[in-house]
Amino acid sequence: MLDKRYDPKKVEEGKYSFWKENDYFTAGKDKSKPPFSMVIPPPNVTGKLHLGHAWDTTVQDITARYKRLQGFDVLWLPGMDHAGIATQAKVEEKLRKEGVSRYDLGREKFLEKVWEWKDEYGRNIHEQWAKMGLSLDYTRERFTLDEGLSRAVKVVFKSLYDKGLIYRGERIINYDPVLKTALSNIEVEYKDIKGKFYYFRYPIVGSDEYLIVATTRPETMFGDVAVFVNPKDKRYKHLIGKKVINPANEEPLPIMGDEYVDISFGTGAMKCTPAHDPNDFALSNKYGLERIICMDNEAKMNEVAGPYKGMDRYECREALVKKIEQDGRLEKIEEIVHPVGHSERSHTVVEPYLSKQWFVKMSPLAKQALEKSTVNFVPARFKKTWVQWMKNVDDWCISRQLWWGHRIPAYYHKDTGEILVSIEPVNDPNYIQDEDVLDTWFSSALWPFATLGWPEVTEDYKRYFPTSLLSTGYDIIFFWVSRMIFDSLEFTKESPFKDCLIHGLIRDAQGRKMSKSLGNGIDPLDVIDHYGVDALRYFLTTGSAPGQDNRYIEEKVAASSNYLNKIWNSARYVLENLGEDFKPSEINFASLEPVEKDILVKLNKTIFKVSQYMDKYEYSMASSYLYNFVYDDFCSTYLEMSKVSLQSENKEYAQVVKSILYYILKDIIIMIYPYAPFIAEELYQATPNHLKSIMLESYPKAHKLPKCDLSDVTTLYKMIQDIRNYKVTNKLAPNYKVKLVIETKKELFPSFKDYLAKFSFAKDISVCESSSSKGIKFIYQDIVMFVEDDISDEEKEAKKAKDIAYLESEIKRSENMLNNPNFVAKAPKEKVELERAKLEENKRRLIELK
RNA sequence: GGAUGUUUAGCUCAGCUGGGAGAGCAUCUGUUUGACGUACAGAAGGUCACAGGUUCGAGCCCUGUAGCAUCCACCA
C-alpha cells in the first residue's frame, strides 16, 4: 500500500539505476519502430549544471519519454563540450592559486591537468543528469575532444580550407588580454560604460592653430597614422593635405578627407589608428596607410609607446593625458556613457587588435544555409532571428591562442612559410604545426552528425540522421544553432534537425538573469532536495508560453509538488478500493450509467487535447488540460461520485466502477509520466496488472465514443454546487439537512437521487411532476429544484430578485444578438441555434421564477 | 538606428483556428464526507496599456501611440 504522504526522496530512490540497468534508455533495440533522435546540447565540462540546463534537458526528456510510449525508437545522445576558453581559464586559475602558470608546466603537462579536471567535472555532470532523471543513451555518449570528433574536425577544416572557405589573414580581431586569445565577434558583449571623451589640441604644422581631435582611448595615439575629416565639412575642408602634430609623440600626421567621418560627432575630426580599430583598419586599406601596433598581447604598451613602454593600457592612458595637459594641449574632458566591448568569458575590456588569425569565410556558407535550410523553428518567429543574423554575419575568427582544444591542423614550412593543411600528422621536420587551437564552437557545430559517426556512414548515422529535434535556449541560436545548420548543409547536404525547439531563459523571482555576480543563482540540487525532482521538472516545463522566459518562483515549485501529492492520493484512494485480487474488466460504454459515461467522455477529450499539444512540444498547454482533468473532473467530481456507487448494493456495478477508476488512474499516471517519471513509475508499479516498468507502456489514445446526452449529469453537478453555495451564503452549516423537491417530467437515471442525497445532506428528496413547494427555486434544463429550509422570507426574496436580474440581463444579451440581422445571417448556424436555445430556456426560467 | 517580444486579478503568468475572462500564490468565510489539512467547500477580486480600424462579434486580427524587456549594429 502507498504511504499516506508523497515523499519524493523515497519515491526517487533507486529508480534511475533500475531504468539504466534494464537498458530502457538504449536506442536501436527494436528497429521495426520508427526512429526519433535528439542530441543533447553538450554542457561545458567547466562546472555545475544550473536551472537553465535543468529546463532544457527536462524538455528533451519529456519528449524522449513521450515518444517512447508512442512507439518510437528513441535515441537521445548525451555528451559534453571541452569548452576551450572556459575550461582552460578555470584550470589556469586553479594553478595560479598553487603558484604555477601554464607556461611553467608546458603544453603537454598542462593538458594532463585539464584532462584531470574534465574527468572530475564530467562525473559531476553525470550525477546531475541522473538526479534529473534524464533518459540518455549512455552507450553512445560522446565528447567534443574524443577521437571521432577530432577526426571530423580535421576533415571539416581541411575541406573548408581546400575550398577556400577557411583562410589565414591579418585583421582586427577582438582580443582578450586576460585570457590572451582572440575571440569571435559574438563572444564580445557590449555594455554601456561611463567613460571619458578626451579633446586634444593637435597643432597644425606651419600655423599657430590647432585642430581639436577627440578620443576615448588616448593610449592608442601611438598607433595613429592620420587624422580624418569629412571633405564636406566647411570647417576643415581647407586643412586636407596639411599635417598636424600628434600630441602623444610629436609625430606629424597627415590630415585626410573621407566621407566616413560624421561631421556632427565630436569635433568632426577623427584620429585614425588602423591597428587598433576595425573602422580605421578599413580606412587604412582604402588609403594604403601603415598599421602600427602599440600594445603587446597583455595590453601593455610596447616600444612604439616610447617612455610608456611596459605600462598597462589604462596606466598609460592616465599618464599620457597628464602629459598632454602639462603641454597645454588638453582642450577638455567630457564624461560620456558609451558601449564598450567586454569578453564574454573573462569580462575584461576587449582590445581591438591587429593580428594574424584563421577565419571561416561566411558569405557562401550563409547563403547556402539561407537557401536550403529546412529547419522548422518552434516557435516560428525564431526563424526570423536566425535569418536576420545569417544575412549580416561577419567572417568567423576561429583560431584561439589556447592549448585546450583541437589544434589547428595547419603546418608551416620553416623556411618558405608555405602552409600545409593535413588531416594526418605531418612528420616532416621542416614543417611546424600551428600553435593555436580552434574555437570550441567549431567542433560543437558538427555535433549532430559527428556524434553519429560522420564522416563515416555508420548504421547510426543512416538511422538517426538528420535528427528529429534539437532543443535549446534562444541565447545560443547564433553561437550554435546557426553554425550546425550551415556546417551540416555543407557536409551532409541536409539540415541537422527537423524541428528546433527554442525556449527562454530562467530568471530569478524579480526577473533578473541568474548570475554569479548577483549571487541570485539557484542550485537545482537544492530544489530537488526540498521538493523532489519531479516537482522541479513539472515547474520548469509548465506555466510559461513557448519561447518566453520563466521566473523561478519557489511557491510554484511547491504548488507543483502539491499537485503531484494530489495525484498520489487519488491513486491511493483508487488502489485501496480496487482491493488485492482486482482484475480490470472490459468496459461496455453503452451499458454505463451517465456519471461513468460523463467521466469517460471527459477523459477521452483530455487524452485528445494532451496528445495534440504534446505533439507540438507545447508541454505547458498539454499539462494544463491534464491538470484541469485531474483536479476538477477526476478528483473533485468523479472520485466523490464513485464513493456512492462503490458502497451501493449493486456489487456488479461497483466492479465496473472499479475498472473505470483503474483505467482512468492508469491513463493519468501515463500522461503525467513524461513530466514526473519518478512518481509515475512508483504509482504505476503499485497498480495491478502492471508491466515491469512504465517505460514499456504505450500512451493512451483518444477513442471515438458514441454520442450521448449527459445533460442530467451536468445538472446534477450544478445542483450540488448550488446547494453548497446556497448554504454558505445563508450561513447554514455545510451539513445542514435540507429538504429537496424536484419537479421534472423526465425520468432521472437510477442513482441520481443517491448522489444528490450524499452531497447535499438532504434529509428528504421527493421527485414529482409538479409541486406547491415554497422553497427556494433553482431552474435547470428540464428540471426544477426547490430547497426548503428555515430561511426568512426576506432572504428568499433577495435571492429571487438576484436571479431575476441575472436572467433578464441574459435575455437582453441574447435578444440583442438575435435581433441583429447580420449576426443571424453571418454567424455559424450552430452558434445562432445555440443562442436561440439559450434565449428560450432563459425566458422559460424567468416565467417559472416569477 | 534595426529587429523581436511584452503590457490580462494584489503578485507571477496561461489564454488553441476571433464566439460570455482562467490558473497558481496571496486575501476573506467555513470545514463535514474513511484519498489527500501539501486538503476540502465557497467568496471576493479584471475598462485584458491607450487610441483608432476590420468584423454580426475582438484579450486574440490590422494601424498608430506609450511603457518595459531582450537581441543585433554602432561614433572616433
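Numbered from 1 within each chain, the chains take letters A, B, ... in sequence-line order. Keep in mind that the numbers below use all heavy atoms, side chains included, and drop hydrogens, waters and symmetry copies.
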Separation between the P atoms of B:G1 and B:C62, rounded to whole Å
24 Å
Work out how far the P atom of B:G45 is from that of B:A23, and round it to whole angstrom.
14 Å
If you check the A:Asn725 side chain, which of B:C74, B:A43, B:A35 turns out closest?
B:A43
Between B:A76, B:G19, B:A35, which nucleotide gets closest to the side-chain atoms of A:Leu639?
B:A35
Using heavy atoms to find the nearest nucleotide of RNA chain B for A:Ala558 and A:Ser636 separately, return the residue whose nucleotide is more 5′.
A:Ala558
Do A:Tyr199 and A:Ile333 have side-chain heavy atoms sitting under 4.5 Å apart?
no
Heavy atoms under 4.0 Å, any strand shown: does A:Asn565 hit a base, just sugar-phosphate, or nothing?
base
Considering only B:C72, B:G24, B:U38, which nucleotide approaches the side chain of A:Tyr627 most closely?
B:G24
Any side-chain heavy atom of A:Lys737 sitting closer than 4.5 Å to one from A:Ser760?
no
What nucleotide among B:G42, B:A76, B:C16 has an atom nearest to a side-chain atom of A:Lys609?
B:C16
With side chains defined as the heavy atoms from C-beta onward, is the minimum distance between A:His338 and A:Phe197 less than 4.5 Å?
no
5' to 3', nucleotides 2-15 of chain B under a 4.0 Å protein heavy-atom cut-off (B base, S sugar-phosphate only, - none) gives --SSS-----BSSS
Name the residue closer to the 5' end of RNA chain B, choosing between A:Pro828 and A:Ser570 according to the nucleotide with the nearest heavy atom.
A:Pro828
Sub-4.0 Å heavy-atom contacts from residues 272-286 of chain A onto RNA chain B, ordered by number:
A:Asn279
Between the base of B:C36 and the side chain of A:Tyr6, is there any donor-acceptor pair under 3.5 Å?
no
A:Tyr538-A:Tyr563 aromatic ring centre distance below 6.0 Å:
yes
Derivation of the side chain to side chain contact (heavy atoms under 4.5 Å, CB included) call for A:Ser642 and A:Leu661
CA-CA 8 Å; A:Ser642 76; A:Leu661 285 169; 4.1 Å; yes
Nucleotide-resolved protein contact map, nucleotides 25-34 of chain B, B/S/- at heavy-atom distance under 4.0 Å
S------BB-
Please report the C-alpha distance between A:Tyr613 and A:Tyr619 in whole Å, then the side-chain angles of each, then the deciding distance to 0.1 Å, and finally whether the side chain to side chain contact (heavy atoms under 4.5 Å, CB included) criterion is met.
CA-CA 7 Å; A:Tyr613 284 107; A:Tyr619 301 131; over 6 Å; no
Measuring from the side chain of A:Tyr631 (C-beta onward, heavy atoms only), which nucleotide among B:C16, B:U38, B:C40 has the closest atom?
B:C40
A:Met817 has its side chain closest, among B:C75, B:G19, B:C16, to B:G19
Separation of the P atoms in B:A21 and B:U65, to the nearest angstrom
30 Å
What's the gap between B:A43 and B:U4 when it is taken at their C1' atoms, as a whole Å value?
42 Å
